[in-house]
K.L.:
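Below is a structure I'd like to ask you about.
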There are 2 protein chains.
Amino acid sequence: MAKKELNIEQKIKYVQDTLFVISGKWKLPIMMAVNNGNSRFRDIQRAVPNITTRVLSKELKDLEENRLLIRTVYDSLPVTVTYTVTPYCKSLKPMVDEMIKWGENHRAELKKAKTTTT
Amino acid sequence: MAKKELNIEQKIKYVQDTLFVISGKWKLPIMMAVNNGNSRFRDIQRAVPNITTRVLSKELKDLEENRLLIRTVYDSLPVTVTYTVTPYCKSLKPMVDEMIKWGENHRAELKKAKTTTT
DNA sequence: CATGTTGGTATCCTTTAAGTAACTGGCATC
DNA sequence: GATGCCAGTTACTTAAAGGATACCAACATG
């Protein structure tokens, strides 16, 4: 089967859909932290620099609603709550990897720009 | 040479850097439209559905400052202004391609979710 | 019995993104 | 001479994101 060729309007639409889900400072960092093995609320908070409890709490709910994370409550004493990534969340990996690459390169570009005195 | 292995904090930092540059509804769509051959202000506006002149104007300035677009003024009568993407802008392509793919798949996921009655 | 940890809420506030609408000057067309 | 195109600008408003701080119950540790 041949690759579908999308036109520019469709591409823009899909990119905007993606942006709608991942945009903002925190969603991807949170998913990365959870994926990296941080499953408890306070662990995630420690893994994501500078996030406040209020924002983390809100974002976790958002991500759960979007089926990107799963929240599990264990009725141990005291109750423990864990967050894990869904397979769907893992489907973001190729994109995130590209973002890491680009961000890394971007830092280098900024340095170059400074010294080059455009 | 071996791949550098980045730790989670570094990865998060780079992703946040990238998000800082591309976040928001409009920057990527604008770059995609320009890259697709729309170089005049009104052409870009027509190619990016629902964007207003005010927002387009602001975003174009932002993108120019970040070396992602080049603005050229021709002193013809009346003056014409064109925008073109920089090579640096083109370096975003792998990431954007992944975003298109993910957005396309996401629509399908949402449909599935509706019918599956979780 | 004071302090710390856990998983959060509740309030309040500031900042940023984005939208609405009107308007500009210069030229070209009807 | 009214209308329209081009490339925007200006002023105002609203909505959303994010941040600061305090607090809660339940337990555990010193």
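Bear in mind the structure is a predicted one, so any value in this text is a computation, not a measurement. In the text below, chain A, chain B and the rest are named by the order of the sequence lines, each starting its count at 1.
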K.L.:
Between Leu6(A) and Met31(B), is there a shared hydrophobic cluster once you connect ILVMFWY residues whose side-chain heavy atoms come closer than 4.5 Å?
P.N.:
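Same hydrophobic cluster.
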K.L.:
Could you tell me the separation between the CZ atom of Arg46(A) and the P atom of dG7(C), rounded to a whole number of Å?
P.N.:
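Atom CZ in Arg46(A) sits about 9 Å away from atom P in dG7(C).
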K.L.:
When you check every protein heavy atom under 4.0 Å of nucleotides 8-21 of chain C, what one-letter string (B, S, -) results, 5' to 3'?
P.N.:
BBBBB-----BBB-
K.L.:
Quick one: side chain to side chain donor-acceptor pair (under 3.5 Å) pairs with a partner in residues 42-55 of chain A, sequence neighbours left out?
P.N.:
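Listed by first then second residue: Arg42(A)-Gln45(A), Asp43(A)-Arg46(A).
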K.L.:
With Arg71(A), which residues qualify under salt bridge (charged side-chain N to carboxylate O under 4.0 Å, His left out), at least two apart?
P.N.:
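For Arg71(A) there are no salt bridge (charged side-chain N to carboxylate O under 4.0 Å, His left out) partners, ignoring immediate neighbours.
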K.L.:
Provide the full list of salt bridge (Lys or Arg N to Asp or Glu O under 4.0 Å) pairs with a residue in residues 27-41 of chain A, sequence neighbours left out, each pair given once.
P.N.:
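Matches after skipping sequence neighbours: Lys27(A)-Glu59(A), Lys27(A)-Asp62(A).
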K.L.:
Taking only residues two or more places apart in sequence or in another chain, which ones pass side chain to side chain contact (heavy atoms under 4.5 Å, CB included) with Asn36(B)?
P.N.:
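Applying side chain to side chain contact (heavy atoms under 4.5 Å, CB included) to Asn36(B) gives Ile8(A), Asn38(B).
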K.L.:
Could you state the atom-to-atom distance from OH of Tyr74(A) to C1' of dT6(C) in whole Å?
P.N.:
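Whole-Å distance recorded here is 16 Å.
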K.L.:
Under the salt bridge (Lys or Arg N to Asp or Glu O under 4.0 Å) definition, can you give me all pairs with a residue in residues 8-17 of chain B, not counting sequence neighbours?
P.N.:
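Sorted pair list: Arg107(A)-Asp17(B).
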K.L.:
Excluding sequence neighbours, so at least two apart, what forms salt bridge (charged side-chain N to carboxylate O under 4.0 Å, His left out) with Lys101(A)?
P.N.:
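Only Glu98(A) meet the salt bridge (charged side-chain N to carboxylate O under 4.0 Å, His left out) criterion with Lys101(A).
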K.L.:
Could you tell me how far apart Gln45(A) (CD) and dT6(C) (P) are, to the nearest whole angstrom?
P.N.:
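Gln45(A) atom CD is separated from dT6(C) atom P by 10 Å.
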K.L.:
Enumerate the salt bridge (Lys or Arg N to Asp or Glu O under 4.0 Å) contacts for residues 73-93 of chain A, please, sequence neighbours excluded, ordered by first and then second residue.
P.N.:
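Matches after skipping sequence neighbours: Lys93(A)-Asp97(A).
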K.L.:
If you take any heavy atom closer than 4.0 Å to DNA chain D, which residues from residues 28-40 of chain B end up in contact?
P.N.:
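Here the set is Arg40(B).
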